[in-house]
Structure formats: structure tokens, C-alpha cells
Engineer: 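Can you read through this structure? Questions will come right after.
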Amino acid sequence: MNKPSTLLSLPTEVLEHVAFYYVCPRVLGPPIPLIALLLICKTVTYKFSVARHLYARVFKYKFSFSAIRRRGFEPRVGEWAWQLRRWCEVLKGVRSRRRRLGSKAYLDEPDLEEVGVQETMYALWIMCLEDDGRNRAQMQLAGVYEWVEGYIRTEMYKTVDKGWPLANAGNSCAMWVFWYLSSKARLMDESRKQRESLIDLILPFLTVPFRYPSSFAPANHFRLPFRSSASTPFTIPTPHGPFPIYLHPKRHTWLTPHFSRWTPLCTPLAADAAKLLYFSRRETILFSVLDLLPRNREDHRARVRARVAVQGNGEFDEHQVESIFRSELPRPTQEDFEELNAAERIFGDEFDEIACSSCRWDADWWRLRSCRSAWKGAVYTPGSLNGLWTGRMIVRNPVPCANDTESENDINEDDDVINNEGDDRHSLINGSRIPSLLSDRHNIDSSGTNVNSDNFFDQGIKDGWFPPKTIISTGGDRVIASVPSGSVMSSGEDYDKRKPGTFHDRETCPGCVARERVLLATRKEIQANAEEEEPIDDLPPYVHSAQTIPPCNGIRDVLITGSTDPRHAAAWGKWIWRGRVRKWDGLVGLVRSPTGSSLGKIFFYGTLLGGRNLVGSWRLAHEDPRMPAYEGAFTLGRKEE
């Protein structure tokens with residue numbers, strides 16, 4: 001008679017298959033049964049310790065996994081197991097901390113083997129950046145939203161600098177995670193008191209730009225990184241520290257373990273997270289739709305016609321009516337305010353694992369990883385700003401407040417000035433100039449004259465990073481930048497013009513050359529790591545695989561043009577927009593000008609977050625960039641046409 005099969009007699013592949021269904025009876029929750037399985041006996045423990053596919057399969061069932069393959073490398077067996085344990089420990093720490101009373105939920109317990117609070121916050125933000133749906137679900141189950149909210153309300157001001165909250169990794173990531181896990185239902189459930197108390201806590205981060213920066217490097221610089229140590233930034237001392245704000249890499253880099261490798265990442269900007277939190281809660285408050293306003297544009301015209309008829313004893317000229325009607329524009333109607341109230345809100349994502357929604361956060365990941373190497377992933381996706389965009393901006397009371405502080409009563413919100421059609425055009429050329437986009441009547445020499453060559457510090461804020469007197473024109477799928485002689489539109493180091501008749505010469509393209517150098521260094525490092533035994537007490541450095549280093553697309557510059565579409569211009573005014581994208585970190589710089597006038601220009605600079613929300617600050621374009629200026633926060637989102 002055949003002996004009955006036992007667990008130990010099963011082939012390894014079958015054993016792993018049985019173990020998977022035992023360990024993962026459902027998606028949500030940690031793989032707790034795995035612990036019991038490993039305690040059966042030494043033989044079973046050994047079999048599962050060398051299981052090739054079990055831990056990767058469990059991880060991919062419980063957590064989102066597409067991002068690491070796309071942005072970094074294909075993890076090995078041990079790295080899947082390490083990250084599975086890592087995410088489980090982080091979420092276990094949140095659950096255990098939630099069970100503690102009061103501030104103990106946010107204290108590091110030396111007797112417990114759990115991840116520290118700041119490290120936990122950054123790990124949770126990485127889970128958000130890599131989320132395709134399952135990470136969010138696991139965080140919801142663990143109570144991350146409630147725990148992080150408690151941290152913001154009770155702990156963010158425990159350590160301050162002269163009364164001001166710190167823009168450290170813990171505070172910044174807490175706000176980012178709290179916003180990401182927000183939903184319409186959660187925001188609508190907040191009472192007015194809860195909403196206002198939260199806004200009071202985060203308000204300094206978005207209303208004090210001379211203390212909390214809205215970019216990783218000041219917006220007055222377009223060409224980064226600095227070419228030499230001789231390019232010393234200019235700063236002035238202020239009560240809040242040096243201005244403009246230059247973030248030092250050593251003080252704003254967070255070294256976090258990720259897939260069993262030490263991964264250096266920049267501390268995400270607290271100001272951007274605070275703006276998302278602020279505007280998402282302000283958008284829950286609907287605008288009042290006044291009956292005294294015209295119902296729509298036709299009603300407005302009818303009211304004008306009635307007034308003219310009364311003045312003319314029943315007689316009127318339609319041309320006179322149209323002239324008066326046009327003179328009263330811009331003027332919003334009831335329908336315009338109803339459209340604002342129905343606009344899409346700034347919330348996080350919903351569950352969508354199959355669609356790999358983490359793709360839209362790739363640029364944000366590379367931004368945190370970048371600004372330290374010759375080659376990195378794309379920090380801006382060309383074409384992202386195409387379409388109709390609408391948003392809000394905070395207009396601050398210019399009257400200075402006592403003790404240089406600001407309360408919400410000093411803030412007015414202007415929601416009617418940012419409603420425009422945008423278009424970004426990218427220059428696919430070899431080199432940093434844009435000869436293919438320049439008018440033939442201008443000759444650009446190859447000497448590399450800087451924009452504003454007499455002023456290294458100001459590289460064109462008042463002109464949207466364009467050389468002075470640049471003329472932008474569009475035709476079909478082309479954009480032409482007519483630049484005065486003696487100026488160049490340099491987005492990086494100066495290179496010779498591309499060869500005649502070439503489009504993207506990969507042999508001479510500086511981007512392609514830089515990529516090949518990184519590929520060579522990566523292959524050598526991978527080979528060196530393969531030959532050495534992995535350290536036991538420490539982790540190896542984060543090294544990309546050659547397959548995940550993105551190819552050079554040859555794009556050397558991105559130009560942005562836009563204007564208010566006619567329908568919205570009738571309500572909110574006509575504006576012209578133009579600007580560029582800073583290649584170093586993907587910062588978008590735009591100048592908004594009234595139609596037919598160079599006066600009243602405003603410079604908007606911000607970052608496209610998650611591919612959907614353009615968030616940043618605005619300042620008067622003519623102000624000296626050496627000094628803090630009249631400035632406020634803004635946010636823009638794409639509107640379905």
C-alpha cells in the first residue's frame with residue numbers, strides 16, 4: 001500500500017502553493033498564518049526559508065508591486081521577503097501605537113522593536129507613492145488615516161523653532177499621507193470646528209513662503225545644478241533664516257531602507273502638502289449663488305437690453321446693447337458659480353490595482369531621488385499640462401500683522417482668476433539651445449550667453465524664464481520662440497548646436513552620453529555586489545538595474561503657452577500664460593499677463609503632483625527675487641472639457 005502523503009513529502013513547488021493559500025485567505029490584513037507555518041518544525045522552516053516564489057507571491061497579493069520594477073529593479077527572492085516584513089512591521093507599529101493612550105501613540109518605545117515615528121511616516125509616504133490600490137487598502141485597515149490625523153493635531157507643534165513648526169520628515173510626510181488618504185466622504189464628515197482647527201495648524205506652511213519653500217531650489221534659478229563652486233547663491237539674513245531658501249542636501253536627505261537597500265530620498269516639501277490639505281478642505285465650502293446675478297450670459301444680455309429700452313422709452317439699438325454688454329465683462333453669472341461648485345475636488349486616489357495608478361507618481365518619486373546625480377528619471381512628463389485647467393489662489397492681506405504672524409482672517413481666497421487652456425510644447429533636439437524653435441531672423445551664436453548675463457542670480461522670473469523680449473507664436477503642432485540676438489534659452493549647460501539635418505543624435509546628445517555613463521557605473525556596481533556577500537548587520541546601497549534606467553528622449557526644453565478660453569474669460573477675465581519647465585526638478589514657471597498689457601504680471605511657480613495637481617506659490621513678477629515678496633499659494637487641476 002502507498003504511504004499517505006505528508007506535508008514534508010510534498011514537492012517544493014506544491015508545498016509553496018499550499019502555503020500561499022493557507023497564509024493568504026484574503027487580501028486585507030497581515031499574513032499572520034505564516035508565523036504558525038514556520039513554527040511547525042525545523043524542516044518546514046528550512047523549506048520555506050529557501051522558497052523561491054512564496055514571499056514574492058504573498059507580497060504581490062497583499063501589497064502594490066509595479067512601482068519598484070518600473071523605477072528601480074527586479075527584486076530578488078530575499079528582497080521580496082525583506083520588504084514584506086518591512087511593510088508588515090510598519091503597519092503593525094501603527095496598529096500598536098493606536099492602542100496606546102494620548103501622546104504615547106507617537107512616542108518611540110525603546111523596549112519595543114518597532115519603527116520610529118519619523119521613519120514610519122516616511123515609510124507610509126513611500127507606500128502611497130507605490131500604491132496601485134492594495135497599499136491604500138492595507139493602510140486603511142491599519143488605521144493609518146486616524147493615527148496620522150492625531151499626530152498632526154497633537155504632535156506637530158511639540159517641537160518648534162521659535163514657535164514655528166518644523167518642516168522635517170515626520171511633519172511633512174504626515175501631511176502628505178493624511179492628504180493622500182483623504183476622501184470626499186471623510187472631508188464631508190468633518191465638522192466645521194474640526195476643519196478650521198486643522199487649517200490653523202497647517203496654515204504657517206503655506207502662508208510663510210520665506211520660511212517654508214515651495215521648491216527644492218529657489219525659482220529665480222532656471223539653470224541647475226550650479227556649474228561650479230564659484231556660483232555662490234546670494235542670500236540675505238531674515239528672522240526666519242537666509243532668503244532665498246537653498247535646501248542643503250545633507251540636511252534634507254532621508255536615508256530609508258527599501259527592498260533591503262539603503263535608499264536616499266529628499267524630504268518632501270511640507271509647503272506643498274499643506275496646500276493640498278488646505279485647498280481640499282476649502283473646496284468643501286460651496287460658493288453662494290446670488291439671485292441678483294444674471295442666470296447665464298443670455299440673461300445678462302437680456303438685462304442690458306431691458307435697461308437700454310427703459311432709457312430709450314422702449315426703443316433700443318442692438319449694436320448699442322452689445323457694446324454695453326461687452327463693456328460690463330468680465331462678470332460671473334449664476335451658472336459660472338455653479339460650475340465652480342461642481343468642480344472636481346482635490347482628493348487622493350481610489351482603489352485601482354489593475355491600472356497601475358502609481359505610474360502617475362513616477363515623476364514625484366524621481367524628484368525625491370534626484371537632484372544629486374548626472375542622470376535620473378523624468379521629473380516631468382511632456383504634455384501633462386495640455387487641456388483646460390482651473391483652480392484657486394490665496395490673496396493675502398498686504399497689511400503687515402503684528403509679530404510677523406498671520407491668521408486666516410488675513411486671507412482672502414480668489415477662485416475666479418485661474419481658468420485657462422494650457423499647452424506645453426517640448427523641444428526634441430540635440431543640445432540645450434532651441435534652434436529648431438527659433439525664428440530664422442534671429443541668429444544665435446554658440447558662445448553660450450546667459451539669460452540676463454549680467455545677473456547670475458535672476459534668470460528671468462518676470463518673463464517666465466524666457467529671455468527678455470522673447471516673442472512666442474504657435475502654428476499647428478509647432479511653437480516658435482523668437483529670441484533677441486545675444487540671448488539663448490539654455491535649460492542646462494551650454495552645448496554646440498545640433499548637426500544640420502539631425503533630430504536626435506544619440507552619439508552627441510549630452511543626455512544619451514550621461515545615460516551611458518550611468519549604465520556603465522551601474523553594471524560595475526551590480527557586478528561588485530554580486531561578487532561580495534551581503535552584509536548581515538547592514539544593508540547594501542540602492543542600485544538601479546540597467547533595465548529601469550529610462551532612455552533619453554532627446555527633449556531639452558519644455559515651453560508652456562496658454563490663455564483663458566472665451567467662455568471663462570467672459571466671467572473671470574482674459575489672461576495670457578507662458579513659461580517653461582525647469583529640467584533639474586520639473587518645477588513649472590508661468591507668467592500670467594493681462595491681455596494687451598505688460599503690467600500686473602504674476603509669476604506662478606509650482607510642481608505637478610501626481611500628474612494631476614499643479615501646486616505652488618505666486619508672486620508679483622516685477623519684485624526683486626532677492627527679497628521676500630507679496631506672495632501666496634495656488635493650486636490648479638485639469639478640468640474635463
Side-chain angles (χ1 to χ4, degrees), residues 188 192 279 282-346 387-398 408-423 474 561-578 590-602 604 618 620 632 634-641:
M188 299 309 294
R192 180 178 178 84
F279 285 113
R282 278 290 171 257
E283 288 184 349
T284 62
I285 304 174
L286 301 181
F287 291 97
S288 298
V289 182
L290 302 178
D291 293 335
L292 59 88
L293 293 175
R295 179 58 196 162
N296 49 38
R297 205 61 59 204
E298 288 306 314
D299 184 30
H300 182 189
R301 184 178 279 104
R303 294 187 183 191
V304 172
R305 185 179 294 109
R307 292 202 312 267
V308 173
V310 170
Q311 296 171 359
N313 295 322
E315 297 182 0
F316 61 88
D317 180 10
E318 198 63 42
H319 292 289
Q320 182 185 10
V321 171
E322 190 66 19
S323 177
I324 296 175
F325 170 74
R326 293 293 175 186
S327 69
E328 294 182 358
L329 298 179
R331 182 185 182 185
T333 65
Q334 294 181 37
E335 285 187 353
D336 293 320
F337 279 105
E338 290 170 353
E339 181 185 22
L340 282 179
N341 288 337
E344 182 179 354
R345 306 305 178 191
I346 304 176
L388 182 64
W389 290 72
T390 183
R392 298 185 175 204
M393 60 187 292
I394 294 179
V395 180
R396 300 170 53 198
N397 188 339
E408 188 166 356
N409 294 329
D410 301 316
I411 295 177
N412 296 316
E413 297 169 41
D414 189 349
D415 302 84
D416 57 7
V417 295
I418 312 181
N419 210 323
N420 302 274
E421 290 181 310
D423 181 27
T474 59
T561 60
S563 63
T564 314
D565 66 293
R567 181 168 68 88
H568 292 99
W572 314 114
K574 179 73 172 180
W575 306 95
I576 301 297
W577 300 74
R578 74 176 192 177
L590 293 166
V591 164
R592 189 195 73 176
S593 307
T595 304
S597 173
S598 61
L599 301 176
K601 293 197 300 185
I602 294 180
F604 291 78
W618 63 266
L620 298 180
F634 80 91
T635 180
L636 281 169
R638 182 183 286 106
K639 178 179 175 60
E640 295 298 329
E641 301 182 48

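Quantities reported herein were computed from a predicted structural model and do not represent experimental measurements. Any value given below was found using the heavy atoms of this structure, including those in side chains, with hydrogens, waters and symmetry copies removed.
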Engineer: I need the single residue from Arg303, Arg301, Arg307 that forms a salt bridge (charged side-chain N to carboxylate O under 4.0 Å, His left out) with Glu328. Which is it?
Structural biologist: Arg307
Engineer: Closest approach of Pro332 and Pro294, non-hydrogen atoms and distance?
Structural biologist: O-CD, 4.4 Å
Engineer: Is there a side-chain contact between His568 and Thr390, using heavy atoms and a 4.5 Å cut-off?
Structural biologist: no
Engineer: Out of curiosity, Leu340 CG to Arg392 CZ, how far, rounded to the nearest 0.5 Å?
Structural biologist: 7.5 Å
Engineer: If you take all heavy atoms of Pro330 and Ala569, which pair is closest and at what distance?
Structural biologist: CB-O, 3.5 Å
Engineer: Would you say the side-chain atoms of Arg331 pair up with the backbone N or O of Leu293, donor to acceptor, closer than 3.5 Å?
Structural biologist: no
Engineer: Looking at Glu339 and Arg567, is any side-chain nitrogen of the basic one under 4.0 Å from a carboxylate oxygen of the acidic one?
Structural biologist: yes
Engineer: Please find the pair of heavy atoms, one from Trp575 and one from Trp577, that lie closest to each other, and give the distance.
Structural biologist: CB-NE1, 3.8 Å
Engineer: Could you tell me the separation between the NZ atom of Lys601 and the CD1 atom of Ile576, rounded to the nearest 0.5 Å?
Structural biologist: 12.5 Å
Engineer: Whether the side chain of Gln334 engages the backbone of Val289 through a donor-acceptor N/O pair (distance < 3.5 Å, no angle test) should be reported.
Structural biologist: no
Engineer: Say you draw a straight line from CE of Met188 to OG1 of Thr284; how long is it, rounded to the nearest 0.5 Å?
Structural biologist: 6.0 Å
Engineer: Look at the aromatic rings of Phe337 and Phe287 and report parallel, tilted or perpendicular, splitting at 30° and 60°.
Structural biologist: tilted
Engineer: Could you tell me the separation between the CH2 atom of Trp389 and the CG atom of Asp565, rounded to the nearest 0.5 Å?
Structural biologist: 15.0 Å
Engineer: Is a donor on one side and an acceptor on the other found under 3.5 Å between the side chain of Ser327 and the backbone of Ile324?
Structural biologist: yes
Engineer: With side chain to side chain contact (heavy atoms under 4.5 Å, CB included) as the criterion, how do Arg592 and Trp618 come out once you've worked through the C-alpha distance, each side chain's angles and the decisive distance to 0.1 Å?
Structural biologist: CA-CA 10 Å; Arg592 189 195 73 176; Trp618 63 266; over 6 Å; no
Engineer: Is there a donor-acceptor contact under 3.5 Å from the side chain of Lys574 to the main chain of Thr564?
Structural biologist: yes
Engineer: If we check side-chain hydrogen bond (donor to acceptor under 3.5 Å, both in side chains) with Arg305, which of these qualifies: Glu318, Glu322, Gln320?
Structural biologist: Glu318
Engineer: Could you state the interatomic distance from CD (Glu283) to OG1 (Thr635), rounded to the nearest 0.5 Å?
Structural biologist: 7.0 Å
Engineer: Tell me whether Arg295 is salt-bridged to Glu338, with the criterion being a basic N under 4.0 Å from an acidic carboxylate O.
Structural biologist: yes
Engineer: Give, for atom CD1 of Ile602 and atom CG of Leu590, the distance between the pair rounded to the nearest 0.5 Å.
Structural biologist: 12.0 Å
Engineer: For residues Asp336 and Thr333, report the shortest heavy-atom separation together with the two atoms involved.
Structural biologist: OD2-N, 2.9 Å
